[in-house]
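Here is the naming used below: chain letters follow the sequence lines, and residue numbers restart at 1 for every chain.
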Protein chains: 2
Amino acid sequence: MPNERRRKIAQTSLLLQSFPQDIQETLLGLSSWREYDRGETLFLQGESAHAIHIVTDGWVKLYRIAPNGGEAVVNVFAKGESFGEAVAFRGHAYPVSAEAVTACEVMRIPSVALLEAMRKDPEIAVSVLASTFTHLHSLVAQLEQLKAQTGPQRVAEFLLGLCHQEEGSCVVTLPYDKFLIAGRLGMKPESLSRSFSKLKTVGVHINRNNAAIENIDRLREYSETDPVEAWHKAQ
Amino acid sequence: MPNERRRKIAQTSLLLQSFPQDIQETLLGLSSWREYDRGETLFLQGESAHAIHIVTDGWVKLYRIAPNGGEAVVNVFAKGESFGEAVAFRGHAYPVSAEAVTACEVMRIPSVALLEAMRKDPEIAVSVLASTFTHLHSLVAQLEQLKAQTGPQRVAEFLLGLCHQEEGSCVVTLPYDKFLIAGRLGMKPESLSRSFSKLKTVGVHINRNNAAIENIDRLREYSETDPVEAWHKAQ
DNA sequence: TTGGTCCCTTGACCATAGTCATGTCACGCG
DNA sequence: CGCGTGACATGACTATGGTCAAGGGACCAA
């Protein structure tokens, strides 16, 4: 079994990387792994939480089903990212559901194990808090996007987040299908499609699941301009 | 000075209430208080954080200014609520700005003091995490509302959150001005006004800053129905 | 009482995005 | 090769909510 690979990924995950070596080992020893097929459910909102999850391969989405039936995608996690930190400690109910969007592999650290580690080394608690803060921050950023930006602007920012360059041109690969991207950005697939066409006027061209960005600065400027100005530019 | 009152409120705050008596005392001793006038800024996004804030009187709003100039209200905190837990420990930059929406009084616990307390008693760390989780949860709930509910439905849910009853009828007082409520719900004051008029058809009547709810169950049902159905009901 | 200000409401108009229906294109299979 | 399937794009129509402008009403001070 590819146990070494899993360990390596887990150790370089955002949550565990700052832990001392010996605590990493202990936690890895107490953890379990599981593989999921695309579409499988990891847990449902309302279930009580007893473990922290770290994605070691594939993609996992967190979503919420509103009382009226609408689905809101809260976040999508890739290899090396963790979720469920804050929920697990008090055995609270998950506020969201989790589903594999590709075949994936997930490591679970029982919350009691992490609690034990926190008792030994209070620095661990700070790391967990820092990790939770990252999630808080991402949610705040999403709220800002939804409240203060138009659809095409949100798409622009999403694309900017994918290319790890500051300027020039580049080609990025869309990480998951457009249906899910649309959900993540709070819109319908049709609107995503239309947003892509609007972005042609600022030098973005979509081909299959690749997006070619002519000029990163130009796209950033577009995502940061006032909605009403943006409208004139993208006319 | 009304030092006793402050202490009492701080001790019953969501963050501190579960702490052992002696740690509460230590933290209170190391904390500072400050009063703010309406409209004053507590801190701005980008500043680095070194303290946890607890509101002991009045209301404080957390908001974010997007690059395009749009304001997104992230949350509004009342007496007894705390914010900034997760940010402070690593001296990270605040992801949001804070402003007094009424005259208010805020207690600050230096993060080093809380860190010290966490070293003494790991249970403290769990409490801080639990408090952070509450914020995470509230953000997730807001995301869901924005993505999956119409304006009037969000207003309905906001009103339901204000009345601490399960059924029957009641009158609630709007806690802050309508401009801010609109921001908190991701809409313009005009839209809030229109939402209120729509809610008349499900038995909600607004008078100055009081909202009379005829039947809580009816309002809840409205907030939970499908947007397209909701439209027919509120016609 | 008068006038002024502030806050909220209302109406008209329009852009953004959702819905529904249809069209296109790549891919896999017999 | 034709056919079906699934993912995506596009077009027409509609509704939700933003913008701008005007109106009402509470409150305050002269």
**Request:** Go through C:dT10, C:dA17, D:dC27 for me and flag the one nearest to the B:Lys200 side chain.
**Result:** C:dT10
**Length of the CG-P vector between B:Asn209 and C:dT9, whole Å** = 11 Å
**Separation of D:dT16 P from A:Lys147 NZ (nearest whole Å)** = 21 Å
**Complete:** Residues at least two apart in sequence or cross-chain that pass side chain to side chain contact (heavy atoms under 4.5 Å, CB included) with B:Thr173, listed by chain then number, are B:Asn209, B:Asn210
**Prompt:** How far apart are the closest heavy atoms of A:Ala156 and A:Ser223, and which atoms are they?
**Reply:** CB-CB, 3.8 Å
**Fill in**
Here the distance between atom C1' of C:dC8 and atom CG of B:Asn210, to the nearest Å, is 15 Å
**Message:** Let me spell it out: for each of B:Phe196 and A:Gly151, pick the nucleotide of DNA chain C with the closest heavy atom. Which residue's pick is nearer the 5' end?
**Reply:** B:Phe196
Distance-only donor-acceptor hits, side chain of residues 42-51 of chain B, under 3.5 Å, sequence neighbours excluded:
unit_1: B:Gln45; atom_1: OE1; unit_2: B:Ile65; atom_2: N; d: 3.1
unit_1: B:Gln45; atom_1: NE2; unit_2: B:Ile65; atom_2: O; d: 3.4
unit_1: B:Glu47; atom_1: OE2; unit_2: B:Leu44; atom_2: N; d: 3.3
unit_1: B:Ser48; atom_1: OG; unit_2: B:His50; atom_2: NE2; d: 3.4

**Item:** Sub-4.5 Å side-chain heavy-atom contact between B:Glu144 and A:Pro67
**Value:** yes
**Asked** Over how many whole Å does the gap from A:Ile206 atom CD1 to D:dT10 atom C1' extend?
**Response** 16 Å
**Request:** Mind calculating the distance between CZ (B:Arg208) and C1' (C:dC6) to the nearest angstrom?
**Result:** 11 Å
**Asked** Taking DNA chain C as the partner, which of residues 187-195 of chain B come within under 4.0 angstrom of it by heavy atom?
**Response** B:Glu190, B:Ser193, B:Arg194
Could you give the side-chain donor-acceptor pairs of residues 180-193 of chain B under 3.5 Å, partners two or more places apart or in another chain?
none

**Request:** For A:Lys79 and A:Ile9, work out which heavy atoms get closest and say how close.
**Result:** CG-CG2, 3.9 Å
**Request:** To the nearest Å, give me how far apart CG (B:Leu174) and P (C:dC8) are.
**Result:** 9 Å
Identify every side-chain donor-acceptor pair in residues 157-166 of chain A under 3.5 Å, counting partners at least two apart or on other chains, and give the distances.
unit_1: A:Glu157; atom_1: OE1; unit_2: A:Gln149; atom_2: NE2; d: 3.1
unit_1: A:Glu157; atom_1: OE2; unit_2: A:Gln145; atom_2: NE2; d: 3.0
unit_1: A:Gln165; atom_1: NE2; unit_2: A:Glu167; atom_2: O; d: 3.1

**Item:** Note, A:Leu62 side chain near A:Tyr94 side chain (heavy atom, < 4.5 Å)
**Value:** no
**Complete:** In short, the helix from C:dT1-D:dA30 to C:dG30-D:dC1 is bent end to end, axes from five pairs each side, to 10°, by 10°
**Request:** Whole angstrom is fine here: how far is it from CG in B:Leu185 over to P in D:dG17?
**Result:** 11 Å
**Item:** Nearest-angstrom distance from the residue atom CG of A:Asn68 to P of D:dT16
**Value:** 14 Å
**Message:** Show the nearest heavy-atom pair for residues B:Asp37 and B:Ala100, with the distance to one decimal.
**Reply:** O-CB, 3.4 Å
**Message:** For a quick test of reading the model: is some side-chain N or O of A:Ser197 closer than 4.0 Å to OP1 or OP2 of D:dA9?
**Reply:** no
